[in-house]
Amino acid sequence: MTDPGLAMTAEAGKPSVRGTGADLFDKFQPLIDQREALLSTGVTDPFNLVMERVESPTVAICNGKRTILLGTYNYMGQTFDPDVLAAGHKALDAYGAGTTGSRVLNGTYQGHRECEEALKRFYGMDHAMVFSTGYQANLGIISTMAGKDDYVILDIDSHASIYDGCALGNAQIVAFRHNDVEALEKRLKRLPAEAGKLVVLEGVYSMLGDTAPLKEMIAVSKAAGAMVLVDEAHSMGFIGPNGRGVAEEQGVLDEVDFVIGTFSKSVGTVGGFCVSNHPKFEILRLVCRPYVFTASLPPSVVATAATSIDLLRGAKEKREHLWANSRRLHGGLKSLGFTLGTDTPQSAIIAVIMPDLERGAAMWEALLQEGLYVNLARPPATPAGMTLLRCSLCALHSEEQVGEILGMFEAAGKRVGVI
(Lines give C-alpha, C1' and ligand atoms only; values in the text may rest on other atoms or scores of the structure.)
Protein backbone atom coordinates (compact mmCIF):
# COMPACT_ATOMS: atom_id res chain seq x y z
CA MET A 1 0.00 0.00 0.00
CA THR A 2 1.35 3.42 -0.97
CA ASP A 3 2.10 5.86 1.80
CA PRO A 4 -0.35 8.82 1.37
CA GLY A 5 2.57 11.14 2.18
CA LEU A 6 4.36 10.02 -0.99
CA ALA A 7 3.56 11.60 -4.34
CA MET A 8 5.04 10.69 -7.74
CA THR A 9 6.66 13.50 -9.70
CA ALA A 10 5.35 13.44 -13.24
CA GLU A 11 8.66 14.30 -14.87
CA ALA A 12 11.09 11.92 -13.19
CA GLY A 13 8.77 9.26 -11.78
CA LYS A 14 10.46 9.57 -8.42
CA PRO A 15 8.61 9.73 -5.12
CA SER A 16 8.76 13.02 -3.24
CA VAL A 17 7.69 13.22 0.38
CA ARG A 18 4.88 15.65 1.03
CA GLY A 19 2.66 15.98 4.06
CA THR A 20 -1.10 15.98 4.07
CA GLY A 21 -1.25 19.73 4.70
CA ALA A 22 -1.70 22.45 2.12
CA ASP A 23 0.91 22.89 -0.61
CA LEU A 24 2.81 26.06 0.24
CA PHE A 25 2.72 26.97 -3.44
CA ASP A 26 -1.09 27.17 -3.41
CA LYS A 27 -1.03 30.85 -2.48
CA PHE A 28 0.65 31.59 -5.80
CA GLN A 29 -1.93 29.74 -7.89
CA PRO A 30 -3.74 32.87 -9.18
CA LEU A 31 -0.43 34.22 -10.48
CA ILE A 32 0.50 30.82 -11.94
CA ASP A 33 -2.85 30.69 -13.75
CA GLN A 34 -2.49 34.25 -15.01
CA ARG A 35 1.02 33.57 -16.34
CA GLU A 36 -0.01 30.33 -18.04
CA ALA A 37 -3.02 32.03 -19.65
CA LEU A 38 -0.79 34.83 -20.93
CA LEU A 39 1.86 32.49 -22.35
CA SER A 40 -0.81 30.26 -23.94
CA THR A 41 -1.56 33.11 -26.35
CA GLY A 42 1.91 32.61 -27.84
CA VAL A 43 3.43 35.82 -26.48
CA THR A 44 7.11 35.76 -25.52
CA ASP A 45 7.66 35.66 -21.75
CA PRO A 46 8.23 39.37 -20.99
CA PHE A 47 9.92 38.57 -17.67
CA ASN A 48 12.52 36.16 -19.05
CA LEU A 49 14.30 38.09 -21.79
CA VAL A 50 17.96 37.16 -22.36
CA MET A 51 20.41 39.73 -23.67
CA GLU A 52 22.92 37.68 -25.67
CA ARG A 53 25.36 40.54 -26.06
CA VAL A 54 25.42 44.11 -24.75
CA GLU A 55 27.17 46.45 -27.15
CA SER A 56 26.72 49.76 -25.33
CA PRO A 57 24.47 51.42 -22.73
CA THR A 58 21.81 51.82 -25.43
CA VAL A 59 22.11 48.76 -27.70
CA ALA A 60 22.10 44.99 -27.13
CA ILE A 61 21.52 41.83 -29.13
CA CYS A 62 18.25 40.18 -28.04
CA ASN A 63 16.92 37.08 -29.83
CA GLY A 64 19.68 37.56 -32.39
CA LYS A 65 18.49 41.07 -33.27
CA ARG A 66 19.93 44.54 -32.68
CA THR A 67 17.73 46.08 -30.02
CA ILE A 68 17.60 49.60 -28.61
CA LEU A 69 17.56 49.48 -24.81
CA LEU A 70 14.85 51.65 -23.24
CA GLY A 71 14.31 49.78 -20.00
CA THR A 72 17.63 49.52 -18.18
CA TYR A 73 17.72 52.47 -15.70
CA ASN A 74 21.19 53.19 -17.06
CA TYR A 75 20.29 56.87 -16.90
CA MET A 76 23.77 58.36 -17.30
CA GLY A 77 25.26 55.63 -19.49
CA GLN A 78 28.16 54.89 -17.12
CA THR A 79 28.33 51.12 -17.66
CA PHE A 80 30.86 51.37 -20.48
CA ASP A 81 32.72 54.52 -19.46
CA PRO A 82 36.45 53.80 -20.06
CA ASP A 83 37.58 55.34 -16.76
CA VAL A 84 34.99 53.31 -14.85
CA LEU A 85 36.04 50.08 -16.56
CA ALA A 86 39.74 50.80 -16.01
CA ALA A 87 39.16 51.31 -12.28
CA GLY A 88 37.34 48.00 -12.07
CA HIS A 89 40.06 46.09 -13.92
CA LYS A 90 42.76 47.60 -11.71
CA ALA A 91 40.97 46.70 -8.48
CA LEU A 92 40.20 43.18 -9.72
CA ASP A 93 43.87 42.57 -10.44
CA ALA A 94 45.05 44.12 -7.16
CA TYR A 95 42.48 42.77 -4.68
CA GLY A 96 40.89 39.72 -6.30
CA ALA A 97 37.32 38.79 -7.09
CA GLY A 98 35.68 39.27 -3.67
CA THR A 99 36.09 40.01 0.02
CA THR A 100 34.38 36.88 1.43
CA GLY A 101 33.42 38.86 4.51
CA SER A 102 31.20 41.40 6.24
CA ARG A 103 32.11 45.06 6.47
CA VAL A 104 32.57 44.79 10.24
CA LEU A 105 34.95 41.81 9.96
CA ASN A 106 37.31 41.32 7.01
CA GLY A 107 35.10 42.92 4.36
CA THR A 108 36.23 46.56 4.46
CA TYR A 109 38.96 47.20 1.91
CA GLN A 110 40.51 50.53 1.00
CA GLY A 111 38.13 50.73 -1.95
CA HIS A 112 35.07 50.67 0.29
CA ARG A 113 36.34 53.67 2.20
CA GLU A 114 37.20 55.46 -1.05
CA CYS A 115 33.69 54.81 -2.35
CA GLU A 116 32.19 56.28 0.82
CA GLU A 117 34.48 59.30 0.49
CA ALA A 118 33.26 59.76 -3.10
CA LEU A 119 29.67 59.73 -1.85
CA LYS A 120 30.45 62.31 0.82
CA ARG A 121 32.04 64.56 -1.81
CA PHE A 122 29.10 64.11 -4.17
CA TYR A 123 26.43 64.96 -1.58
CA GLY A 124 28.48 67.31 0.57
CA MET A 125 27.57 65.27 3.67
CA ASP A 126 29.52 64.07 6.68
CA HIS A 127 28.73 60.36 6.64
CA ALA A 128 28.21 57.59 4.09
CA MET A 129 27.56 53.86 4.36
CA VAL A 130 27.81 51.51 1.39
CA PHE A 131 25.53 48.46 1.26
CA SER A 132 25.67 45.44 -1.02
CA THR A 133 22.45 46.50 -2.83
CA GLY A 134 20.06 49.44 -2.88
CA TYR A 135 17.36 47.13 -1.53
CA GLN A 136 19.54 46.39 1.49
CA ALA A 137 20.17 50.09 2.06
CA ASN A 138 16.44 50.74 2.57
CA LEU A 139 15.97 47.46 4.41
CA GLY A 140 18.84 48.24 6.76
CA ILE A 141 18.33 51.91 7.57
CA ILE A 142 14.55 51.77 7.96
CA SER A 143 14.51 48.59 10.06
CA THR A 144 17.31 49.87 12.30
CA MET A 145 15.93 53.38 12.84
CA ALA A 146 12.25 52.43 13.32
CA GLY A 147 11.39 49.64 15.77
CA LYS A 148 8.13 48.21 17.05
CA ASP A 149 7.23 51.26 19.14
CA ASP A 150 8.02 53.71 16.32
CA TYR A 151 6.02 54.87 13.32
CA VAL A 152 7.02 54.89 9.66
CA ILE A 153 4.86 57.27 7.66
CA LEU A 154 5.14 56.49 3.97
CA ASP A 155 3.61 57.12 0.57
CA ILE A 156 1.21 54.36 -0.41
CA ASP A 157 3.19 53.85 -3.66
CA SER A 158 6.50 53.29 -1.88
CA HIS A 159 8.99 50.74 -3.20
CA ALA A 160 8.90 47.16 -1.88
CA SER A 161 12.25 47.63 -0.12
CA ILE A 162 10.69 50.41 1.98
CA TYR A 163 7.76 48.24 3.06
CA ASP A 164 10.15 45.36 3.75
CA GLY A 165 12.31 47.61 5.92
CA CYS A 166 9.22 48.44 8.00
CA ALA A 167 8.40 44.74 8.35
CA LEU A 168 11.92 43.77 9.39
CA GLY A 169 11.97 46.45 12.09
CA ASN A 170 8.38 45.67 13.12
CA ALA A 171 7.53 49.37 12.95
CA GLN A 172 3.99 50.72 12.85
CA ILE A 173 3.19 51.58 9.22
CA VAL A 174 1.09 54.65 8.48
CA ALA A 175 0.47 55.10 4.76
CA PHE A 176 -0.87 58.21 3.05
CA ARG A 177 -2.28 58.94 -0.41
CA HIS A 178 0.37 59.27 -3.12
CA ASN A 179 2.09 62.66 -3.19
CA ASP A 180 -0.65 64.20 -1.03
CA VAL A 181 0.85 66.77 1.35
CA GLU A 182 -2.41 67.33 3.21
CA ALA A 183 -2.89 63.59 3.77
CA LEU A 184 0.65 63.33 5.14
CA GLU A 185 0.03 66.22 7.53
CA LYS A 186 -3.23 64.68 8.79
CA ARG A 187 -1.55 61.32 9.46
CA LEU A 188 1.27 62.99 11.37
CA LYS A 189 -1.11 64.98 13.57
CA ARG A 190 -2.89 61.80 14.67
CA LEU A 191 0.28 60.19 16.04
CA PRO A 192 1.47 60.53 19.65
CA ALA A 193 3.69 63.58 19.97
CA GLU A 194 6.30 61.67 21.97
CA ALA A 195 6.54 58.71 19.55
CA GLY A 196 9.51 58.12 17.28
CA LYS A 197 8.51 59.01 13.72
CA LEU A 198 10.28 58.43 10.40
CA VAL A 199 8.75 59.85 7.21
CA VAL A 200 9.93 57.95 4.13
CA LEU A 201 9.60 59.59 0.71
CA GLU A 202 10.96 58.99 -2.78
CA GLY A 203 12.30 61.70 -5.04
CA VAL A 204 11.10 59.95 -8.20
CA TYR A 205 8.56 57.12 -8.11
CA SER A 206 9.73 54.37 -10.42
CA MET A 207 6.44 53.23 -11.92
CA LEU A 208 4.97 56.49 -13.24
CA GLY A 209 8.17 58.54 -13.19
CA ASP A 210 6.56 61.34 -11.18
CA THR A 211 8.41 63.43 -8.60
CA ALA A 212 7.39 64.15 -5.02
CA PRO A 213 6.62 67.62 -3.57
CA LEU A 214 9.50 67.16 -1.13
CA LYS A 215 9.73 70.79 -0.05
CA GLU A 216 6.18 70.85 1.32
CA MET A 217 6.33 67.30 2.68
CA ILE A 218 9.56 67.85 4.55
CA ALA A 219 8.16 71.06 6.07
CA VAL A 220 5.11 69.31 7.55
CA SER A 221 7.25 66.35 8.67
CA LYS A 222 9.70 68.54 10.56
CA ALA A 223 6.85 70.51 12.13
CA ALA A 224 5.57 67.21 13.55
CA GLY A 225 8.97 66.28 14.97
CA ALA A 226 9.65 63.49 12.48
CA MET A 227 12.94 62.48 10.90
CA VAL A 228 12.94 62.27 7.09
CA LEU A 229 14.42 59.67 4.75
CA VAL A 230 14.37 60.31 0.99
CA ASP A 231 15.09 57.57 -1.52
CA GLU A 232 16.74 59.23 -4.53
CA ALA A 233 17.44 56.01 -6.46
CA HIS A 234 15.82 57.26 -9.67
CA SER A 235 17.02 60.87 -9.51
CA MET A 236 20.66 60.65 -8.40
CA GLY A 237 23.05 61.79 -11.11
CA PHE A 238 20.33 63.37 -13.23
CA ILE A 239 17.99 65.70 -11.31
CA GLY A 240 19.28 68.80 -9.52
CA PRO A 241 22.05 71.27 -10.46
CA ASN A 242 24.70 68.81 -9.28
CA GLY A 243 22.74 65.62 -9.84
CA ARG A 244 22.01 65.12 -6.15
CA GLY A 245 18.32 64.48 -6.72
CA VAL A 246 14.90 66.00 -6.21
CA ALA A 247 15.74 67.24 -2.70
CA GLU A 248 18.56 69.32 -4.17
CA GLU A 249 16.35 70.51 -7.03
CA GLN A 250 13.73 71.74 -4.53
CA GLY A 251 16.31 73.30 -2.22
CA VAL A 252 15.71 71.05 0.81
CA LEU A 253 18.65 68.64 0.78
CA ASP A 254 20.05 70.08 4.01
CA GLU A 255 16.76 69.28 5.80
CA VAL A 256 16.85 65.56 4.93
CA ASP A 257 18.13 63.24 7.67
CA PHE A 258 18.91 60.27 5.42
CA VAL A 259 19.37 60.01 1.65
CA ILE A 260 19.18 56.49 0.28
CA GLY A 261 20.41 55.59 -3.17
CA THR A 262 21.65 52.81 -5.40
CA PHE A 263 24.61 52.18 -7.68
CA SER A 264 22.50 50.12 -10.11
CA LYS A 265 21.03 53.08 -11.96
CA SER A 266 22.93 56.28 -12.75
CA VAL A 267 26.17 54.97 -11.22
CA GLY A 268 26.05 51.99 -13.57
CA THR A 269 27.11 49.10 -11.33
CA VAL A 270 25.56 47.43 -8.26
CA GLY A 271 25.28 48.39 -4.59
CA GLY A 272 23.45 50.81 -2.33
CA PHE A 273 24.19 53.59 0.11
CA CYS A 274 22.96 55.97 2.75
CA VAL A 275 24.39 59.45 3.37
CA SER A 276 23.63 61.66 6.36
CA ASN A 277 24.81 64.58 8.47
CA HIS A 278 23.53 63.16 11.75
CA PRO A 279 26.36 63.20 14.34
CA LYS A 280 25.46 59.73 15.68
CA PHE A 281 25.25 58.10 12.25
CA GLU A 282 28.37 55.91 12.51
CA ILE A 283 26.84 53.70 15.21
CA LEU A 284 24.68 52.20 12.47
CA ARG A 285 27.69 50.19 11.30
CA LEU A 286 27.38 48.07 14.45
CA VAL A 287 23.59 47.74 14.74
CA CYS A 288 22.29 47.59 11.14
CA ARG A 289 21.68 43.89 10.42
CA PRO A 290 21.63 44.02 6.57
CA TYR A 291 25.03 45.77 6.80
CA VAL A 292 26.58 43.61 9.53
CA PHE A 293 25.39 40.17 8.42
CA THR A 294 26.18 40.13 4.70
CA ALA A 295 29.31 40.04 2.58
CA SER A 296 30.63 43.35 1.29
CA LEU A 297 30.78 44.34 -2.35
CA PRO A 298 33.73 43.04 -4.41
CA PRO A 299 36.68 45.47 -4.73
CA SER A 300 36.15 45.85 -8.49
CA VAL A 301 32.55 46.97 -7.90
CA VAL A 302 33.32 49.67 -5.33
CA ALA A 303 36.17 50.90 -7.53
CA THR A 304 33.84 51.33 -10.50
CA ALA A 305 31.24 52.98 -8.26
CA ALA A 306 33.68 55.50 -6.75
CA THR A 307 35.01 56.46 -10.17
CA SER A 308 31.53 56.78 -11.64
CA ILE A 309 30.28 58.91 -8.72
CA ASP A 310 33.16 61.36 -9.15
CA LEU A 311 32.44 61.56 -12.89
CA LEU A 312 28.78 62.36 -12.20
CA ARG A 313 29.82 65.54 -10.40
CA GLY A 314 30.90 67.00 -13.75
CA ALA A 315 28.16 65.55 -15.94
CA LYS A 316 26.19 68.77 -16.59
CA GLU A 317 26.04 68.31 -20.37
CA LYS A 318 24.89 64.71 -20.05
CA ARG A 319 22.13 65.80 -17.66
CA GLU A 320 20.97 68.46 -20.13
CA HIS A 321 20.93 65.94 -22.99
CA LEU A 322 18.96 63.45 -20.91
CA TRP A 323 16.35 66.12 -20.15
CA ALA A 324 16.13 66.88 -23.88
CA ASN A 325 15.59 63.17 -24.60
CA SER A 326 12.90 62.95 -21.92
CA ARG A 327 11.00 65.97 -23.23
CA ARG A 328 11.15 64.75 -26.82
CA LEU A 329 10.04 61.19 -26.09
CA HIS A 330 7.23 62.30 -23.77
CA GLY A 331 5.92 64.84 -26.26
CA GLY A 332 6.24 62.45 -29.19
CA LEU A 333 4.38 59.59 -27.50
CA LYS A 334 1.65 61.95 -26.33
CA SER A 335 1.16 63.30 -29.84
CA LEU A 336 0.87 59.74 -31.19
CA GLY A 337 -2.10 59.19 -28.87
CA PHE A 338 -0.57 57.12 -26.08
CA THR A 339 -1.73 57.63 -22.49
CA LEU A 340 1.23 58.53 -20.27
CA GLY A 341 1.77 58.39 -16.52
CA THR A 342 2.47 62.12 -16.20
CA ASP A 343 1.14 65.18 -18.00
CA THR A 344 4.65 66.55 -18.44
CA PRO A 345 8.08 64.86 -18.31
CA GLN A 346 9.25 64.85 -14.68
CA SER A 347 12.17 62.43 -14.83
CA ALA A 348 13.96 60.00 -17.16
CA ILE A 349 11.07 57.53 -16.74
CA ILE A 350 8.20 57.70 -19.22
CA ALA A 351 5.32 55.34 -18.32
CA VAL A 352 2.98 54.33 -21.15
CA ILE A 353 -0.32 53.07 -19.73
CA MET A 354 -1.82 49.99 -21.40
CA PRO A 355 -5.52 49.02 -21.39
CA ASP A 356 -4.86 45.62 -19.76
CA LEU A 357 -2.16 43.00 -19.22
CA GLU A 358 -2.92 41.06 -22.39
CA ARG A 359 -2.59 44.06 -24.70
CA GLY A 360 0.33 45.33 -22.66
CA ALA A 361 2.18 42.04 -23.23
CA ALA A 362 1.24 42.10 -26.93
CA MET A 363 2.55 45.66 -27.23
CA TRP A 364 5.75 44.72 -25.38
CA GLU A 365 6.36 41.85 -27.82
CA ALA A 366 5.51 44.02 -30.84
CA LEU A 367 8.08 46.58 -29.71
CA LEU A 368 10.67 43.83 -29.21
CA GLN A 369 10.00 42.63 -32.75
CA GLU A 370 10.54 46.21 -33.93
CA GLY A 371 13.89 46.21 -32.12
CA LEU A 372 13.03 48.02 -28.87
CA TYR A 373 13.22 46.75 -25.30
CA VAL A 374 11.07 48.34 -22.58
CA ASN A 375 9.81 47.09 -19.20
CA LEU A 376 6.38 45.51 -18.88
CA ALA A 377 5.11 46.33 -15.38
CA ARG A 378 1.95 44.81 -13.92
CA PRO A 379 0.01 44.67 -10.66
CA PRO A 380 0.70 44.40 -7.78
CA ALA A 381 3.94 46.30 -8.48
CA THR A 382 2.06 49.08 -10.26
CA PRO A 383 -0.31 51.63 -8.69
CA ALA A 384 -4.09 51.38 -9.11
CA GLY A 385 -3.92 48.03 -10.90
CA MET A 386 -2.31 49.54 -14.00
CA THR A 387 -0.36 47.71 -16.69
CA LEU A 388 2.51 49.87 -17.90
CA LEU A 389 5.23 49.91 -20.49
CA ARG A 390 7.97 51.66 -18.56
CA CYS A 391 10.61 53.48 -20.58
CA SER A 392 13.83 54.65 -18.93
CA LEU A 393 15.95 56.95 -21.05
CA CYS A 394 19.73 57.17 -21.12
CA ALA A 395 21.92 60.24 -21.52
CA LEU A 396 23.67 58.37 -24.35
CA HIS A 397 20.54 57.84 -26.45
CA SER A 398 21.16 59.92 -29.56
CA GLU A 399 18.59 62.18 -31.20
CA GLU A 400 18.41 59.63 -34.02
CA GLN A 401 17.67 56.81 -31.58
CA VAL A 402 14.85 58.76 -29.95
CA GLY A 403 13.41 59.26 -33.42
CA GLU A 404 13.70 55.52 -34.09
CA ILE A 405 11.98 54.77 -30.78
CA LEU A 406 9.00 56.97 -31.65
CA GLY A 407 8.69 55.24 -35.02
CA MET A 408 8.74 51.84 -33.34
CA PHE A 409 6.05 52.85 -30.87
CA GLU A 410 3.85 54.12 -33.70
CA ALA A 411 4.23 50.94 -35.76
CA ALA A 412 3.72 48.60 -32.79
CA GLY A 413 0.82 50.62 -31.37
CA LYS A 414 -1.09 50.51 -34.66
CA ARG A 415 -0.39 46.81 -35.14
CA VAL A 416 -1.68 45.91 -31.67
CA GLY A 417 -4.55 48.41 -31.80
CA VAL A 418 -3.46 50.48 -28.82
CA ILE A 419 -3.51 53.70 -30.86
Side-chain angles (χ1 to χ4, degrees), residues 44 46 49-85 204 209 234-235 237-239 243 265-268 308 311-312 314-354 363-376 388-416 418-419:
T44 303
L49 179 78
V50 176
M51 296 187 185
E52 294 129 35
R53 189 169 77 251
V54 180
E55 297 183 348
S56 74
T58 63
V59 175
I61 303 301
C62 303
N63 298 332
K65 182 175 183 178
R66 175 189 177 272
T67 303
I68 296 177
L69 301 176
L70 192 65
T72 64
Y73 290 152
N74 194 1
Y75 299 126
M76 299 299 283
Q78 299 287 83
T79 48
F80 281 84
D81 183 276
D83 291 338
V84 171
L85 295 181
V204 172
H234 292 275
S235 53
F238 169 38
I239 296 179
K265 298 179 173 56
S266 286
V267 179
S308 182
L311 289 171
L312 289 176
K316 184 173 182 290
E317 289 184 5
K318 289 177 78 172
R319 284 191 279 274
E320 291 173 350
H321 181 67
L322 183 51
W323 270 120
N325 282 346
S326 182
R327 287 190 289 267
R328 184 180 176 201
L329 182 62
H330 190 285
L333 290 172
K334 200 171 183 179
S335 68
L336 286 171
F338 288 99
T339 302
L340 305 184
T342 59
D343 291 334
T344 58
Q346 298 183 25
S347 67
I349 299 170
I350 310 294
V352 184
I353 300 174
M354 293 288 102
M363 181 69 182
W364 178 88
E365 184 170 54
L367 287 171
L368 192 63
Q369 290 169 353
E370 290 286 330
L372 181 66
Y373 170 71
V374 298
N375 301 134
L376 175 64
L388 308 172
L389 295 180
R390 189 174 51 179
C391 310
S392 52
L393 283 152
C394 177
L396 297 188
H397 280 124
S398 66
E399 291 184 21
E400 291 75 18
Q401 283 177 317
V402 176
E404 280 187 78
I405 289 166
L406 287 169
M408 292 169 175
F409 260 98
E410 182 175 17
K414 288 179 177 177
R415 189 157 76 247
V416 174
V418 175
I419 56 171

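- Separating the CD atom in Glu410 from the OG atom in Ser335 is a distance of 8.5 Å, to the nearest 0.5 Å.
- Closest of all the heavy-atom pairs between His330 and Leu340 is O-CD1, 3.4 Å.
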Stepwise side chain to side chain contact (heavy atoms under 4.5 Å, CB included) check, Val204 with Gln346: CA-CA 8 Å; Val204 172; Gln346 298 183 25; over 6 Å; no

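- Side-chain N or O atoms of Gln78 include none that pairs as donor or acceptor with a backbone N or O of Ser266 at under 3.5 Å.
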Criterion side chain to side chain contact (heavy atoms under 4.5 Å, CB included) on Met51 and Thr67, from CA distance to verdict: CA-CA 9 Å; Met51 296 187 185; Thr67 303; over 6 Å; no

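- Leu70 contributes atom CG, which lies 12.0 Å from atom CD of Glu404 (distance to the nearest 0.5 angstrom).
- Listed for the Ser347 side chain is a donor-acceptor partner under 3.5 Å among the backbone atoms of Gly209.
- The local environment of CD in Glu399 is sparse, with at most 12 non-hydrogen atoms from other residues, nucleotides or ligands closer than 6.0 Å.
- Contact between Leu69 and Ser56 at its shortest, heavy atoms only, is CD1-O, 4.1 Å.
- Shown here are the side chain to side chain donor-acceptor pair (under 3.5 Å) partners of Thr44, two or more places apart in sequence or in another chain: Glu365.
- Judged by distance alone, the side chain of Asn63 and the main-chain N or O of Lys65 form no donor-acceptor pair under 3.5 Å.
- Taking the ring-ring contact (aromatic ring centres under 6.0 Å, His included) definition, one finds that Tyr373 meets it with nothing, sequence neighbours left out.
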Residue pair Lys318, Tyr75: steps toward the side chain to side chain contact (heavy atoms under 4.5 Å, CB included) verdict: CA-CA 10 Å; Lys318 289 177 78 172; Tyr75 299 126; over 6 Å; no

